[in-house]
Colleague: 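Quick one: this structure, given as structure tokens, is what I'll be asking you about.
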Amino acid sequence: MREKKMFPIAPYFRGVGQIMLQPNGWTGLLFLVGIFYDSVIMGIAAMVAVVTGTLTAKLLKYDETEINDGLYGFSATLVGVALTFYFAPVPVIWVAVVLGSALAAMFQHALIVRKIPGFTFPFIVITWILLFVFRHLYVLPVSSEVTEALNAYDDFTVSTHGFGEVIFQGSVLAGLIFFLGVFVSSPVAALYGVAASVLGAYVSERFAEPMTDIHMGLFSFNAVLCAITFSGKKPVDGIWVLISVLLSVAIDLGMLSMHWAVLTFPFVAASWITLALKNGAKKLMPALVE
């Protein structure tokens with residue numbers, strides 16, 4: 001669903017909405033509401049980051065349609081939220097938010113012009129670099145944000161946390177707001193996301209991962225992004241959702257076992273693999289896949 005009337009601030013909201021692949025300003029607005037509910041600091045960082053990424057694209061005269069669709073805002077937004085999630089909001093972090101957001105937009109452009117489906121890869125690379133810098137070269141204090149473990153462990157909290165952790169938010173309400181944000185844009189994608197969140201938790205539980213981590217959504221949020229990416233109204237879409245979700249959980253488990261900063265890399269890697277499989281299947285069985 002796209003807004004029929006263009007507003008000057010619409011590209012910024014769409015940039016936030018594109019975190020879950022929704023070029024919808026209302027989706028982005030709901031995402032911001034959810035972030036601010038959990039953390040005012042992260043909400044401010046998200047706004048600074050999406051404005052920086054989008055303005056960078058405008059100043060560098062990137063394609064106007066791509067800018068209006070929010071393609072230069074979502075990785076930037078995630079960089080801003082991630083930095084204020086991991087580190088205390090000292091002045092150097094705000095400088096890093098601006099620089100990192102601008103770099104994420106430029107990296108996104110490099111992928112777009114080469115027709116590479118980058119997804120959130122620019123966010124991942126920029127954040128990995130900044131995590132290394134602020135943890136090993138110029139050490140900063142960690143964030144004081146505290147994520148509370150919920151006492152109620154059930155499929156509902158798992159599904160909402162799967163949505164919430166996509167943007168580093170741990171509360172049930174934030175996750176529910178994020179779900180609604182996707183739902184107003186694409187009900188099918190939102191419902192696939194719920195199923196993927198629960199499936200990701202179930203698979204990780206079978207591998208005896210800590211229940212607290214599972215119910216916080218740490219094994220579900222990449223699965224949610226995969227489900228949204230490959231969701232559709234055709235029965236075959238469910239097959240690609242399932243493949244991508246299972247791949248993302250497997251990659252997630254592997255990275256966590258090596259104590260790597262996962263971020264959304266399992267989603268990106270699983271999506272690349274699934275796209276390759278899907279393209280191969282189209283050549284062999286076009287009638288079945290399409």
Side-chain angles (χ1 to χ4, degrees), residues 1 3 9-51 53-54 70 73-86 89 97 101 120 123 127 143-150 152 154-187 189-194 196-198 200-201 215-225 227-229 231 263-264 267:
M1 183 173 69
E3 299 84 346
I9 61 173
Y12 302 99
F13 287 124
R14 290 196 191 116
V16 181
Q18 285 279 19
I19 291 174
M20 297 195 202
L21 296 95
Q22 307 304 311
N24 185 294
W26 292 109
T27 300
L29 178 60
L30 284 168
F31 287 178
L32 284 172
V33 169
I35 298 170
F36 269 102
Y37 171 79
D38 266 16
S39 169
V40 173
I41 293 296
M42 282 192 271
I44 293 172
M47 293 184 66
V48 170
V50 71
V51 169
T54 306
F74 65 97
S75 278
T77 302
L78 286 170
V79 169
V81 176
L83 288 176
T84 48
F85 171 80
Y86 284 110
V97 166
S101 301
T120 56
F123 148 67
T127 303
S143 171
S144 60
E145 295 289 340
V146 178
T147 302
E148 296 181 359
L150 298 182
D154 53 41
D155 287 350
F156 176 73
T157 58
V158 167
S159 61
T160 57
H161 282 231
F163 278 84
E165 289 293 343
V166 171
I167 322 180
F168 299 92
Q169 307 307 310
S171 74
V172 171
L173 183 56
L176 182 58
I177 293 171
F178 293 167
F179 165 78
L180 290 174
V182 178
F183 191 86
V184 300
S185 178
S186 174
L191 294 175
Y192 262 119
V194 171
S197 185
V198 176
H215 287 278
M216 283 175 61
L218 300 186
F219 296 96
S220 296
F221 69 92
N222 279 292
V224 168
L225 287 171
I228 291 172
T229 300
S231 64
L263 303 178
T264 54
F267 150 62

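Reckoned from all heavy atoms, side chains included, excluding hydrogens, waters and symmetry mates. Here the structure is a predicted model, which is why all the values come from computation and not from measurement.
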Colleague: How close do T127 and A82 get, heavy atom to heavy atom, and via which atoms?
Modeller: CG2-CB, 4.0 Å
Colleague: Just jot down the side chain to side chain donor-acceptor pair (under 3.5 Å) partners of T264, sequence neighbours excluded, or say none.
Modeller: T120
Colleague: Might you point out which heavy atoms bring I228 and A189 nearest each other, and give the distance in Å?
Modeller: CG1-O, 3.7 Å
Colleague: Hey, does N24 have a side-chain heavy atom less than 4.5 Å from the side chain of R14?
Modeller: no
Colleague: Once rounded to the nearest 0.5 Å, what's the spacing between atom OG of S197 and atom CG of L225?
Modeller: 10.5 Å
Colleague: Where do G181 and T27 come nearest, in terms of heavy atoms and distance?
Modeller: O-OG1, 2.7 Å
Colleague: Under the criterion side chain to side chain contact (heavy atoms under 4.5 Å, CB included), I'd like the reasoning laid out for F31 against V182: C-alpha separation, chi angles, the key distance, then a yes or no.
Modeller: CA-CA 9 Å; F31 287 178; V182 178; 3.9 Å; yes
Colleague: Which heavy atom of Q169 sits nearest a heavy atom of A174, and at what distance?
Modeller: CB-CB, 3.9 Å
Colleague: Can a donor-acceptor pair be found, under 3.5 Å and without considering hydrogens, that links the side chain of T54 to the backbone of V51?
Modeller: no
Colleague: Over all heavy atoms of both residues, which pair between S171 and D38 is shortest? Give the atoms and the distance, please.
Modeller: OG-OD1, 2.5 Å
Colleague: Please examine the side chains of L263 and F221, heavy atoms only from C-beta on, and report whether any two atoms are closer than 4.5 Å.
Modeller: no
Colleague: Between atom CG of L21 and atom OG1 of T229, what is the distance when rounded to the nearest 0.5 Å?
Modeller: 4.5 Å
Colleague: Please enumerate all residues that pass side-chain contact (heavy atoms from CB on, under 4.5 Å) together with I177, with sequence neighbours excluded.
Modeller: L30, V33, L173
Colleague: Could you tell me whether the side chain of M20 reaches within less than 4.5 Å of the side chain of V166, counting heavy atoms only?
Modeller: yes
Colleague: Heavy atoms only: give me the nearest Q18-P23 pair and the separation to one decimal.
Modeller: NE2-CB, 3.5 Å
Colleague: Can you list the residues that meet the side-chain contact (heavy atoms from CB on, under 4.5 Å) rule with A196, with sequence neighbours excluded?
Modeller: A223, A227, V245
Colleague: To the nearest 0.5 Å, what is the distance between CZ on F168 and CE on M42?
Modeller: 9.0 Å
Colleague: Using 0.5 Å steps for rounding, measure from the OH atom of Y37 to the CG atom of L176.
Modeller: 10.5 Å
Colleague: With sequence neighbours left out, what residues match A49 under side-chain contact (heavy atoms from CB on, under 4.5 Å)?
Modeller: V97, S101
Colleague: Is any side-chain heavy atom of L78 closer than 4.5 Å to one of I19?
Modeller: yes
Colleague: Please enumerate all residues that pass side chain to side chain donor-acceptor pair (under 3.5 Å) together with Q22, with sequence neighbours excluded.
Modeller: S185
Colleague: Counting C-beta onward and ignoring hydrogens, is there a side-chain heavy-atom pair between F163 and V194 closer than 4.5 Å?
Modeller: yes
Colleague: For L32, what residues pass the side-chain contact (heavy atoms from CB on, under 4.5 Å) criterion, not counting sequence neighbours?
Modeller: F13, V16, A46, M47
